[in-house]
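When reading the values below, keep in mind they use all heavy atoms of this one structure, side chains included, and skip hydrogens, waters and symmetry mates. The shown structure was predicted, so the numbers you read here are calculated from the model rather than taken from an experiment.
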Amino acid sequence: MAAALLANVLYSTGFVLEKRALSAMPSVSVRNPARLLRLVLGSPLWIGGSLALAAGFGAQLAVYRTLPIAAAQGIFVSGLVLLLLLSSVLLGERTSGRERYAVAAILLALLMVVLSLSEHSDTVSRGAPVPLVLAVCLPSLAAGVWLYSAAERRAKHRHRMPSAGVEYGVAVGLLYGVSSLAIKGVSSHLTTQGIGGALVDLLRSPYPYLLLFTGAFGLVMSQAALQRCRASLIVPVCTTVTALFTAVLGTLAFGEALPDDPVRLALRIAGTVLAVSVLLAMPKHDGPPPHPPSPTKELTSG
C-alpha cells in the first residue's frame, strides 16, 4: 500500500513537471522523434519529471509483487486527485464542471473495484501463458498507434475545434496498459535466488521487449500529446484506460480469479462499466476560449 501511494506521488509529480517543461518548448511532433528527444533531454525540468516517473516505475514493481492487479490499479487511479491539484496549482489549468464530475465518477468506479477485493480469496499470480499475453498485447499496441495516428490526422483540419485530448489519452493509455502488464510480468521473474537463471528466463519472455517498445513509442507519443493538451484531462483519461485495461485483461491473462461472492462480483463489473461509460461521454474537444469584455462594456460597467 505504501509503495502504491508513493508511486502515485511520483507519477503525478513527474507528469506535471514534464508538462511544465514542454509548455516552454517549441512545438514537438511524433514525426520528428530525434528533435523531440533533443529538446526534452536539454531541459533540466523535464529530466526531473522523467526521473520521478522512473522512480514511480520502481515503486510499481514492488506493488505488483504484493497486490492483485485490480487492487493495484484502483490505488493508482486514486492519484488523479493529486494530479488535478498539482495541475491547478503549478500549471494554472482549470477543468470544466463536466470534467470534474467525470473524474469524480471515475474515482467512484474504481473505488467499487477496490471494494470488490478480498484479502482472503484474492491471489497474486506469478505468471501468465506467453501466447495469451501476446494475444492481448499485440492487438492493443496496434490499436493504440492507429488511434493516435487518426487523432493526428484529424487535428490537421483547420476548421476542427481543438482536441481536448481524449483520443490521445486513450491511445497512450493502451500503450501504457501493455507496459503495465509487462511490468507485472517482469516482477514475476524477480527473485533473490538464482539471479542468473531468473535473468535468462526473463530475456526469454516477451516482457522486456514489450517494455522497450512501449517505452520508446510511449515516450514520443505522450510528450507530443502532453504538449498539445491539458494534463488535467489527458492524464486522467490515459490513467483510466491503463487501469481498466490492466485490471480486466491483466486479471484474465495472469489467472487472478474473479470474485465468487455475487456482491463483490457485481461491484467489480459495475465499476468497470461505469468507468468505460464516463470515458465515452467525456468531451472530445475544448470549447472556444472566453472572449475578453469589450471596451464599451468596461466603460459602461465603470
Engineer: Can you check whether V133 reaches Y207 side chain to side chain, under 4.5 Å on heavy atoms?
Structural biologist: yes
Engineer: With a 6.0 Å cut-off on ring centres, are F213 and Y209 close enough?
Structural biologist: no
Engineer: Report the distance from atom OG of S149 to atom CE of M221, rounding to the nearest 0.5 Å.
Structural biologist: 7.0 Å
Engineer: Ignoring hydrogens and geometry, is there a side-chain-to-backbone donor-acceptor pair from S12 to V9 under 3.5 Å?
Structural biologist: no
Engineer: If you take all heavy atoms of M112 and A270, which pair is closest and at what distance?
Structural biologist: CE-CB, 3.4 Å
Engineer: Do S179 and I183 have side-chain heavy atoms sitting under 4.5 Å apart?
Structural biologist: yes
Engineer: Are any side-chain N or O atoms of Y11 and backbone N or O atoms of F57, one a donor and one an acceptor, separated by less than 3.5 Å?
Structural biologist: yes
Engineer: Looking at every non-hydrogen atom in both residues, tell me the closest pair between A171 and G144 and how far apart they are.
Structural biologist: CB-O, 3.3 Å
Engineer: Can you give me the closest heavy-atom contact between I234 and A225, atom names plus distance?
Structural biologist: CD1-CB, 3.4 Å
Engineer: Do L108 and L274 have side chains that approach each other closer than 4.5 Å (heavy atoms only, starting at C-beta)?
Structural biologist: yes
Engineer: If we ignore hydrogens and angles and just use 3.5 Å, is the side chain of S222 paired with the main-chain N or O of L219 as donor and acceptor?
Structural biologist: yes
Engineer: For a quick test of reading the model, state the closest non-hydrogen atom pair linking A52 to L10 and the distance between them.
Structural biologist: O-CB, 3.4 Å
Engineer: So, do L53 and E18 sit near enough that their side-chain heavy atoms are less than 4.5 Å apart?
Structural biologist: yes
Engineer: Any link between L211 and V200 through a network of hydrophobic side chains (Ile, Leu, Val, Met, Phe, Trp, Tyr) touching at under 4.5 Å?
Structural biologist: no
Engineer: How far does CZ of R20 sit from CG of L226, to the nearest 0.5 angstrom?
Structural biologist: 13.5 Å
Engineer: Could you tell me the separation between the CH2 atom of W46 and the CG atom of L41, rounded to the nearest 0.5 Å?
Structural biologist: 5.5 Å
Engineer: Taking I47 as the starting point, is it possible to reach L17 by hopping between hydrophobic residues whose side chains are less than 4.5 Å apart?
Structural biologist: no
Engineer: Quick one: does any side-chain atom of Q227 pair with a main-chain N or O of P26 as donor and acceptor, under 3.5 Å?
Structural biologist: yes
Engineer: Would a distance-only check, ignoring hydrogens and angles, find a side-chain to backbone donor-acceptor pair under 3.5 Å from S43 to V40?
Structural biologist: no
Engineer: Using 30° and 60° as the class boundaries, would you call the ring planes of F15 and Y176 parallel, tilted or perpendicular?
Structural biologist: tilted
Engineer: Quick check: is V16 connected to L45 through a chain of hydrophobic side chains (ILVMFWY, heavy atoms under 4.5 Å apart)?
Structural biologist: no
Engineer: In Å, rounded to the nearest 0.5 Å, how long is the span from OG of S140 to CG of L147?
Structural biologist: 12.0 Å
Engineer: To the nearest 0.5 Å, what is the distance between CG on L175 and OG1 on T242?
Structural biologist: 9.0 Å
Engineer: Find the distance between CG (L141) and CG (L210) and round it off to the nearest 0.5 Å.
Structural biologist: 6.5 Å
